[in-house]
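Scroll down for the structure; my scribbles are underneath it.
Numbered from 1 within each chain, the chains take letters A, B, ... in sequence-line order. Everything numeric in this text was worked out from a predicted model, so none of it was measured. Values below: all heavy atoms of this structure, side chains included; hydrogens, waters and symmetry mates excluded.
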Amino acid sequence: MLLGSLKGDYAFRRLQKGQAGYSKYLSVRWRGDQEGRIRVGIIVTKKLGKAVKRNLVRRRLLEALRALLREVNFMQGALFKKMPSFSLLIIARPEAVQATYKELEQSLRHALIRAKLIQ
RNA sequence: GCAGUGAGGGACGUCUGAUCGCAGCAGUAGCUGAGGAAAGUCCGGGCACCACAGGGCAUAGUGCCAGUUAACGACUGGGCGCGUAAGGCGACGGCAAGUGCAACAGAAAGGAAACCGUUAUAGGUAUCAUCUAUAAGUUAUAGAUGAUACCUAUAAUAAGGGUGAAACGGUGUGGUAAGAGCACACCAGUACCGCUGGUAACAGGGGUAGCUAGGUAAACCCCACUUGGUGCAAGGUCCGAACGUCUGGGUUGACCCGACCUUAAGGCAAAGAAGACCGCUCGAGCCUCCUGGCGACAGGAGGCCCAGAUAGAUGAUCAGAACCCGCAAGGGUACAGAACCCGGCUUAUAGCCCUCCUGCAGCG
């Protein structure tokens, strides 16, 4: 499954009105579109630390998302012509630095369910 | 041998395998995939575009000498200063052009003057000595001269004033009213002129002169040299949205001009929004050896290809090894992530290795 990345100020601003979900280590927002693919943006602010720590959190989140997308079913609003088609924004909280990969993955699953993106 | 919160250096800074995932390359199998600082962005280049006849000013920087280098404010070697020395540190041209600045203490912080002090002269006062006069009898008073002390004025002086980071050369002799480079000898320093060694900075030594010139230039400044700006989001190619214009088509109209409409009709011009591609990684490249050089480094031979992402690829899980901590279970393995590319500098850094040093213990 191809993952596009969100680019530009407009794409991020559009998601301010999206469906939101929260969990311990992160929050998510998503919105359906007609692109026919999944586009994702991950925000890891400087509150989390320097480049090494921020990179680690971002890569773990991206890895966890890929793992989740392989096994889950999407809600109806996220589909376009029976293909998943939406923009997703993941915002890491400062506590995410201390989390292990497993904790991040669970946290992401929890948040996506609460945002009504997956079942 | 052990220890060290001692110094210096390291082209040391975890390793191996499996599975899943990501990026690049490849027809496939597959191969490759962060650092010594990738960091800070403090200097210097390459490269790119813009500006530019030449010169000057300004701004900013550099500042002992020689070398290395593409270049540098870097590096190497040397000199000088500080230090007993090993060694370390030094923006290390000029304050005997000008201007400015200096807490506290101190008489005074730059004008060599004031003050204290010293000395001479004059005046006054006191005391003493001598002489004279008067009165009286072994004394008193007055005057004169001299000496000493104190006070005042004028002149001379910078020897002395002990404070300070720093006080207008030092020591001695002569000299003088007292003193003073005032004169002389030696020493230190300065300027100039030769000599010797060195490419040079500079070092050694000689002569002459004058008599001394405080500190501070990462204070202004003076002198010498260097210095255009912006940074790969540079810049370029493809492609080409909206806006323009012309032709066409339509409406109005008897027709023409005109006006309005039309964008899934076409042309021209321009546009830099979005996107794709180039720039982009083979380079002042890396490794080994040889030659030259004290060295920085240079030359040669052979071998090698070693990230190129673009909101940004390195992650997850498991197994094992190494080192450290702990009796054990177990825990820990730093600083830190490429963003056009190189050369430096600076800062961060657990542990490991090498050389030297120190301590303790043992042996000879």
Side-chain angles (χ1 to χ4, degrees):
Chain A
M1 194 177 308
L2 276 176
L3 280 180
S5 55
L6 285 175
K7 297 178 191 176
D9 191 45
Y10 173 76
F12 281 85
R13 195 168 298 174
R14 209 177 73 91
L15 278 164
Q16 283 180 1
K17 296 178 224 159
Q19 277 275 354
Y22 307 91
S23 64
K24 184 179 177 186
Y25 295 119
L26 50 90
S27 60
V28 297
R29 288 173 184 276
W30 72 276
R31 205 175 184 189
D33 55 30
Q34 277 115 52
E35 291 275 322
R37 58 181 184 143
I38 300 171
R39 293 188 301 161
V40 61
I42 301 178
I43 294 179
V44 185
T45 66
K46 284 191 177 176
K47 285 179 189 170
L48 278 86
K50 293 193 177 182
V52 175
K53 290 178 179 173
R54 297 168 62 204
N55 275 341
L56 187 63
V57 169
R58 196 188 72 240
R59 285 165 181 161
R60 280 176 168 169
L61 285 175
L62 199 60
E63 171 72 18
L65 182 67
R66 286 192 182 109
L68 277 175
L69 294 182
R70 277 196 292 275
E71 53 180 75
V72 298
N73 296 315
F74 295 97
M75 302 289 277
Q76 198 58 40
L79 297 178
F80 175 72
K81 295 179 182 172
K82 295 188 178 175
M83 288 286 292
S85 174
F86 56 89
S87 298
L88 175 67
L89 185 64
I90 303 176
I91 302 159
R93 297 179 191 274
E95 298 78 36
V97 175
Q98 277 97 41
T100 64
Y101 170 75
K102 298 236 175 196
E103 289 169 334
L104 281 180
E105 188 178 11
Q106 283 207 337
S107 186
L108 180 64
R109 181 194 295 269
H110 188 63
L112 290 178
I113 289 172
R114 292 186 63 175
K116 296 173 181 159
L117 178 65
I118 60 174
Q119 288 176 339

Distance between P atoms of B:A142 and B:A158 (Å, rounded): 46 Å
In B:C306, glycosidic geometry as syn within 90° of 0 or anti otherwise: syn
Under 3.5 Å on both distances, the Watson-Crick or G-U partner of B:C150: B:G124
Salt bridge (Lys or Arg N to Asp or Glu O under 4.0 Å) partners of residues 104-119 of chain A, not counting sequence neighbours, each pair once: A:Glu71-A:Arg109
Minimum side-chain heavy-atom gap A:Leu65-A:Leu88 below 4.5 Å: yes
Watson-Crick or G-U counterpart of B:U59, or none if no pair lies under 3.5 Å: none
Interatomic distance, A:Leu69 CG vs B:C22 P [rounded to whole Å]: 12 Å
Euclidean distance for P, B:C305 against B:U69 (whole angstrom): 31 Å
Any-strand Watson-Crick or G-U partner of B:A70, both distances under 3.5 Å: none
Distance between C1' atoms of B:A167 and B:G161 (Å, rounded): 12 Å
Minimum side-chain heavy-atom gap A:Leu108-A:Val28 below 4.5 Å: yes
Gap separating the CG atom of A:Leu69 from the CG atom of A:Leu117, nearest 0.5 angstrom: 8.0 Å
Chi-based syn or anti call at B:A34, which uses purine or pyrimidine torsion atoms and a 90° bound: syn
Pairs meeting criterion salt bridge (Lys or Arg N to Asp or Glu O under 4.0 Å) with involvement of residues 53-63 of chain A, two or more places apart: none
Integer angstrom distance from the P of B:U118 to that of B:G81: 46 Å
Syn or anti for B:G181 (syn when the glycosidic angle lies within 90° of 0): syn
Aromatic ring pairing A:Phe86/A:Trp30, orientation class (parallel under 30°, perpendicular over 60°, tilted between): perpendicular
Syn-anti status, with the boundary at 90° from 0, for the nucleotide B:G36: syn
Mate of B:A313 where both pairing distances stay under 3.5 Å, Watson-Crick or G-U: none
Base paired to B:A183 (Watson-Crick or G-U; both N/O distances under 3.5 angstrom): B:U173
A:Leu26 to A:Ala111 - nearest heavy-atom pair and separation: CD1-CB, 3.7 Å
Contacts of A:Gln106 that satisfy side-chain contact (heavy atoms from CB on, under 4.5 Å) - sequence neighbours left out: none
Nucleotides 314-320 of chain B: protein proximity per nucleotide (B base, S sugar-phosphate only, - neither; heavy atom, under 4.0 Å): SBSS---
B:A108 to B:G143 separation - C1' atoms, rounded to the nearest Å: 50 Å
pair A:Ile90-A:Ile43: side-chain heavy atoms closer than 4.5 Å: no
Partner nucleotide of B:A321 by Watson-Crick or wobble geometry (both distances under 3.5 Å): B:U14
Euclidean distance, atom CG of residue A:Asn55 to atom C1' of B:A309 [Å, nearest integer]: 12 Å
Pairing partner of B:U28 (Watson-Crick or G-U wobble, both distances under 3.5 Å): none
Between B:C25 and B:U245 - C1' atom distance, rounded Å: 50 Å
Rounded distance in Å between the P positions of B:C354 and B:C323: 16 Å
Nearest-angstrom distance from the residue atom CD1 of A:Ile42 to C1' of B:C22: 13 Å
Pairs meeting criterion salt bridge (Lys or Arg N to Asp or Glu O under 4.0 Å) with involvement of residues 86-102 of chain A, two or more places apart: none
Base-pairing assignment for B:U288 (Watson-Crick or G-U wobble, both under 3.5 Å): B:A301
In B:G93, glycosidic geometry as syn within 90° of 0 or anti otherwise: anti
Partner residues of A:Ser23 under the side-chain hydrogen bond (donor to acceptor under 3.5 Å, both in side chains) criterion, sequence neighbours left out: A:Ser107
Output one line per pair: protein atom, nucleotide atom from nucleotides 333-336 of chain B, and distance, for all N/O pairs under 3.5 Å.
none

Atom P, compared across B:G337 and B:A38: separation rounded to whole Å: 12 Å
Length of the NZ-C1' vector between A:Lys46 and B:A39, whole Å: 13 Å
